[in-house]
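Proteins get letters first, then strands, A, B, ... in listed order; numbering begins at 1 in each. Note that the coordinates shown come from a computational prediction; the quantities given were computed from them, not determined experimentally.
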Amino acid sequence: MDPRVENAMMTTGMKKAIDVKLNVQPIFVALYHEHVFEGPCRFGAGDELKKEYDLALDAMIYDRTKEAWATMFDPQNVNVLEPIIIYRDETFLTTDWMLEEMGKTSKETDVYLFATASRPYDLIVEFAQRIGKPICMMQDCCGSSIVIPACRARGVECYAFTDVEDANLTFSVLRVRKALSELKVLAVVRNNSNVSISAPDSFVSLEDVTMKFGARFRFINVHELMDYSHVNNDSTQNYTTPGRHDGMNITEEEMKEAEAMADEFIAKADECHMERDMVVNTFRIYRTIQKVMNAYECNAFTAPCPDVCATRRINEEKFTFCLTHTLNNENGIPSACEYDVPALFAAMLLQNVSRCPSYQGNTITAPKIGGIRQFVPRGALLNIESVQKADVELGDLENVCLTFHAVPTRFPKGFGTEMEPYSIRSFAHSGFGATVRYDFKRDIGQTITMARFDPTGTKLLVAKGTICGGVGYGDRNCSEGVFFQVENSSDFFQKQLNFGNHIPLVYGDWMKEMIRLGEVLGLEVITA
Amino acid sequence: MSIKPIKDIKLNVRPVSVVLYHDYVFEGPCRFGEGPQLTYDFDKTVNLMMCKAFEESLTDASVFDPKKINFLPHILIERNEEFIVKDEDMEKVGEDIENVDAFYIHVGMSRTYDFMIEMAERFNKPVILGPTMAIDTITTAAIAATGRKVYPVRTVQDVARHFDVLRVKKMMNNLAVLCAARLNSNRSFPSAPDGFLSTEDVTKRMGIRFRYTDPHEILDSTVPRPVQTAYDEETTNHTTPGRIGLNPNDEDMAVIEKITDEFIAGAAEVEMDRELIMRSVKAWYVVNKFMDHLDCNAFTIPCPDVCATRRLNKEKITFCLTHSLNQEIGIPSACEYDIPALVTQAILMGFSGKAPYMGNCEFGNIPQGDDPGAFWSAMFVHEASKNEDIPFLQKQQAEKGGDYVIVTHAVPNRKFKGFDAENAPYAIRSFARSGFGATIRYDFKQDIGQVVTLMRIDPLCRKFFIAKGEVIGGIGYKDTNCSEGVVVKIRDHADFFRKQSYFGNHVPLVYGDYVEELKALAEEFDMEVVEA
Amino acid sequence: MSYLNVLKRLKAADEVSAAEVKAILSMDHPSEGQVYPHLRGYLLSRFLLDDSVQTDDLKKLVSSSISKSLEISEGDLDVTDLSDRCISAPSVETKLALAMLKFEEALGIKVDVMERVNCVTVADYAGVVSRYL
Amino acid sequence: MSRADIVKRQLEAISAEADVEMAAVRAALPALTKEELREHLRRFILYKFLLDPDCEEEDIRRLSQMSIEKLLAMSTRDLNTSDLGIGCGGTSSVDNKIILLFMALGRELEITMDPLRTPSLKTVPLLTEEVYTLLKEAGRVL
């Protein structure tokens, strides 16, 4: 039987954003003179006016250029396709054969990289207009300053690079743009799928951002997801999808995997202040979500918090989504708390530029006014003693901000780097909802880069900071905080007001890349 | 229940007279007349006589329908030829401003434009001048220049029409839609991807608000739970363990049974057993409890998305009857999570005071002969449909051409002639061939000759698609499933279809001709009109 | 009707209205009933109407007088009445107010504006006037 | 005689030496061995590039650069950067010398060198192999 009939859920699984490559199709356009003659369209004397001379010269240049193409680009970002060479004589004729040959890999090509021998500029401009994809060139004598302006005037996106570093920077951000266009978010929905209760500063319209950036959404009803998290080899028993055999429930086999992951998670922790079964329970929903993401071919995740919490099912199932977000982000799967999609997209950009997992939290400025570190919650959310201790440690530091939630990463220095020390504590004071506890004080002095989209999806905030403290390592709940200094915290706050609460961060200084990325995405970039 | 249907909304209009008495006897270009006409006494007498006439004109129910317009107490502003706009007068006219939807200005003698322009600017409310001279374009042009709407008037009928439009606009501002989204809450892809691209944008443009709930939580709440104690997870709903739900209790069940029996008793034919009818009535009742709880007065829920969970089949419920019964009491209610159709229903209700009908649009292209083709055979299976209704349409098409549209769904109601009208004759048959999902069956042939207005709003909420037609037949009265069709003669079905392609499938209709009112509303909302 | 005839009629009307005023002045504290016939006579003459006109409604008396002189039906009056509202009052209110003010002037009295405005019928006005005499 | 004339005469003298090598090759046909051909070609290139005949270098591109350096006393480093993808009709002088050398060789030995293979003939042994094959194909070598 046709396999598609067997299971309409035939999927190609998850394709992570960090694994996306930018396919660059190099094209060398060479011109040779058919006849011997002199004039302003060529230079030289004697043998230099012969066809063979031109062909030999074109070949020499092409050979060297191919060598350069093969080595000058970062293979992590760029996949250089098989170079194409096009010959043209002094009739300067553009033929459909040439255009088709140049465009033969257009299906997978993202950017065309041109190099030339002699003056084939009109051919490049015509091709650029028809192919509808970006083109670029290394600066080469006067060629680039002829081709690029001509293309830009005709609405073609195009770049010229003065050096290899500039080329690699641009290709790296074009890669991230491509990855964003291939992002497919598994969005857990209860009621409003556009904006959740706790993050009305999310995008005004998800449809709009899909049109702008290409990122798509696959929605799943929270009640059906919760039922899928009940261990059951036969998924026809689900209350909310009676009789359906979607095969989405976590099986006993997969539950064993979840238990193994939980044990490993506990084993590697410095301290674990939770019952094993509660940690296992958290991995039950994590494993279920991985299963659904694979089935729905999603490579990003978000779920509302208060909206779902209010059904009391989280309390009944004894898990939260926090650890799922941490583990997703550690695996290069952008994951955002509270259905905050601008934070999700910003995390995706930061992760793909820095190749480090990101941390999302409530971001507030914490100026010292009247001797007190203001605006830092003290009580239910952040433990009073922990905050007072941090007050002392921070002393009179100025321009201090705080980002706190419960989803830190154990690999802040990069995917695949050494795991940093962590401990395990529960989100709920009654003991469920495992969260990673990470002591940010270990990284005082570390530079961080932050970003967030604005609700209309037309602006990008990019900011830099330096870690200067931490809070919440020893506490439960949504309290794992990193203090950091910015250049000017009141300026930071005023600019934040156009963007929103959660401002994800990654380790390292990626301002240049993030600013260029914002521009390439057509966004107004605001820096702080 | 305290649901506030928009049909009961009235436009609160503040009548204001702005008059001017000349303090002194003198002549010049700011006044006209001679002898006693130049006296303060004359000015005051004439102006107050005019005010008295103005007040009397407000009571003319043939012009201003009291069910639609609520005139607030008349305010008189008296000025002299110093032409001063006093704060005191502005405060006086601004009394109870939160309840004022529009000002209806009676312009007394002489020049009081400045006062009215400042009123428009300060209160940001529509200012409609009573029927006076064409010279009032002075005032309207000045107000329009501030970016505000103006309301040109030649007769009191013009005034009434402006009030009608502002009232429907007020209805939109008071519309709170309960959206039961299983997945995408913006538009349901399986059933109506021609929905609004952004409900947030609709809120910005039309003031309509959207409240969201979960269809699983509604379906859970249809299970009667006489006694509920909080935090007792056994007796509460699967999707909200430990929470007291909106499940019908004993008292509710008594009401539901009564409504069911009345519904059955009123029907000319009933081809469903009572228990399955009651399940549909119960679904309607629970939806109304949700609307009441969430302060909503409109409802929509997807069909295919929810159906695909197989819970409708398990609970033996469809929401067709919910939509029909909601529409009868002035609550816009749309199938298939089609929010443009819902908003259109609200507008048509607002102008007509009648319940609308929505359905898929099919066109006059039924193949001739015994085999009318797959669609018609699958959708209309009853003998009456096959042997009478379809042949009628084929004959119609052969003789008079195909310029008609068949609007087909399963949510007709009994108040097409008006919310206050008597229930029209109806039957009860099931949606599901297996017998569940009560639907009202309405024989549209009883309304042949009736003029109807069809309308839809585009997915970007920027255009109104408007058409007029006339009922020439009906199909599917005897049938089950989503097959209750009204055949409407239209000007040109090709033109209708070509324009409809920019709007979407469901084009709700209402009895009566409201084309001009809809065009006026489109202008009020800065929307384009596409007429077929 | 030729211009001369019009002048003649106006002159005759003036004489009648003057006579009616004189009759009222000759009475000491006349009652409403005593004032009424003379007031009615005064108005009919001012408005060039003959006593075949039945209505006692002040505004109707005025509008039938205007429509008679403009030879247009009373119904159409409303529309034309709009013509000069913005700068001066519509003709019905103007004509009525003028007649009342002239009558009071002739009687040497000055009625309160609100009392004057609230009179609907000739009888109402007769009652008001009688209280000022 | 001006300095330029002196230099010109020197150049002509050296270039004549190159012709002698070609004549030797022609004369040795068809019994010419690959090794003999290689030696003649080596000296032919050195003379053409006005370099010292006992120079050991075998990389043709390097020889061309040395020849230009010798002529213009330029350091080789500047030459590298401007060699990338020369456009607008201008040629890099290093390529120019190599191409003209191969064209002259083709003329002298009456063989047709494939211009597109120019970049692959990177060393004297590779050039020798190419020329020997062409001579063989033309039946002018046993």
Review point. Just checking, is any N or O donor in the side chain of C:Asp57 or C:Thr55 under 3.5 Å from an acceptor N or O on the other one?
Key: no
Review point. Should we say atom NZ of B:Lys468 is surrounded by more than 12 heavy atoms from elsewhere, each under 6.0 Å from it?
Key: no
Practice item. Identify which of B:Asp41, B:Leu48, B:Thr155 forms the greatest number of heavy-atom pairs closer than 4.5 Å to chain C. Key: B:Asp41
Practice item. Using the six-membered ring wherever Trp is involved, compare the ring planes of B:His162 and B:Tyr151 and label them parallel, tilted or perpendicular (cut-offs 30° and 60°). Key: perpendicular
Exercise for review: Answer with side chain, backbone, both or neither: which region of C:Leu98 has an atom nearer than 4.5 Å to a non-hydrogen atom of chain B?
Suggested key: both
Check your understanding: Relative to chain C, which segment of B:Lys52 carries a heavy atom at a distance below 4.5 Å: side chain, backbone, both, or neither?
Key -> side chain
Check your understanding: In this structure, are over 12 heavy atoms from other groups packed under 6.0 Å from B:Gln157 atom CD?
Key -> yes
